[in-house]
Amino acid sequence: MNILLAGGAGYIGSHTAVELLTAGHEVIIVDNYCNSCPEAVRRVEEVAGKHVASYGADVKDKRTMMKIFEENEIDCVIHFAGLKAVGESVDKPIEYYRNNIDTTLTLLECMRESGVKNFVFSSSATVYGEENPIPYVETMKRGSCSNPYGWTKVMMEEILEDASKADSELSVVLLRYFNPIGAHESGRMGEDPQGIPNNLMPYIAQVAVGRRDHLTVYGGDYPTPDGTCRRDYIHVMDLANGHLKAVEYANTHKGVEVFNLGTGTPYSVLEIIHAFEEANQVPIKYEIGERRAGDLPEFWANAQKAERILGWKTKRTLADMCRDTWNWQKNNPQGYKK
Ligand code: NAD
Ligand code: UD1
């Protein structure tokens, strides 16, 4: 199949590109590089050993996107292109709503005008909100979010459900990611956040490589076994494989289907720190600080539906996630900037 990856130069998109190429699909990447760089696409080509058609373009730009849809025979779209920093979304809600929702609408219009029927969407566990009991199951209602980023995901899920109701030929797969970490096993590709990392694993990796002095653990007094928050961390290559399964599923089904992509096993912040130290024999300096506003004490996935229907199951362990993160970071201390 020919698969268009909107936002395909980013962390999850680039790893998914390698997974799709390795499985024999063709990929077309469209990215405006607002949170990535062309070097990431070059590394995809290097790791997969294949050429990738890529366009430096804004997915909101309908005219350019229509040209891309006309130039390429597209069977499926995966929509990764979004702004994703929770804290920044509180300060810049208009930019977040504009970018995340407009990219989705533009892709849906281009698909309608060129007869493309399969759409896979990067959603998030954040749509379960604060009200649902854990573990999260796909049958639960979407909850209410504490920030505009989360609301964009809730809104886009609703937009996609409505689009699917209006077009019985459309196939939409909503993938709710839990906490993706890790990197490609080659050490040539990984997560390359701009500025100070917001997320736990890239922060730990930058402490390990000496770019940051220490990690602040956000809260040590949560009602969890060791007092720190627990999350469902998933290796980015297992997540990438979930996209491969989702694309194949979308090609043979109609309507909307939602899947959690997680392991089903939670780990605490302290467990992650210690697993990283043990897997890589590198000490991580940390101190326990204040809680971060908006953090939930713990959540993880019920991942049975993806296994039952997609035949997808995670294969990699927490030690693999820590080892691959470090392999990427130590070989690329400044990320893709060399
Ligand atoms: P990322 O920032 O690395 O990748 C997103 C890519 O989209 C970037 O390359 C960016 O340059 C591009 N982009 C953004 N707006 C664009 C636009 N208007 N036109 C063209 N390109 C644009 O993020 P990621 O971690 O790879 O996340 C991918 C998707 O998965 C996002 O939608 C994100 O919200 C979602 N998600 C991520 C996580 C996570 O922890 N990483 C968790 C849940 C959901
Ligand atoms: C965050 C977002 C979530 C988004 C996800 C993926 C918030 C509140 N939630 O999830 O909406 O879908 O990223 O982009 O931002 N931690 C530390 N110190 C740090 C960084 C993190 O202790 O320097 C802790 C956090 O408190 C949390 C855990 O590590 O308990 C994981 O944090 P993070 O990687 O930011 O992911 P989430 O908060 O789960």
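This one's a predicted model, so the numbers in the text were calculated from it and none came from an experiment. Ligands are counted one by one from 1 in listed order, and the atoms in each one are counted from 1 as well. Note: hydrogens, waters and symmetry copies are ignored here, and every other heavy atom, side chains too, is used.
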The one among [options] that brings a heavy atom closest to [atom]:
{"atom": "atom 19 (N) of ligand 1", "options": "V59, V86, I12", "result": "V59"}
{"atom": "atom 32 (O) of ligand 2", "options": "E298, K84, R231, R292", "result": "R292"}
{"atom": "atom 14 (C) of ligand 1", "options": "G150, A9, S123, C34", "result": "C34"}

Taking only non-hydrogen atoms of [X], do any sit less than 4.0 angstrom from ligand 1?
{"X": "D31", "value": "yes"}
{"X": "A40", "value": "no"}
{"X": "A125", "value": "no"}

Would you check whether [X] has a nitrogen or oxygen atom less than 3.5 angstrom from a nitrogen or oxygen atom of ligand 1?
{"X": "K153", "result": "yes"}
{"X": "S124", "result": "no"}
{"X": "A81", "result": "no"}

message: For the 3.5 Å polar cut-off, considering only N or O atoms, please tell me whether L200 and ligand 2 meet it.
response: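 By distance alone, the answer is yes.
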
field: Polar contact flag for N179 and ligand 2 (N/O pairs, less than 3.5 Å)
entry: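 Yes, N179 has an N/O under 3.5 Å of an N/O on ligand 2.
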
field: Region of Y149 engaging ligand 1 - heavy atom pairs below 4.0 Å
entry: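 Y149 to ligand 1: side-chain contact only, backbone stays beyond 4.0 Å.
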
- prompt: Does the ring centre of H243 sit less than 6.0 Å away from the ring centre of Y177?
  reply: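 Yes, the ring centres sit under 6.0 Å apart.
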
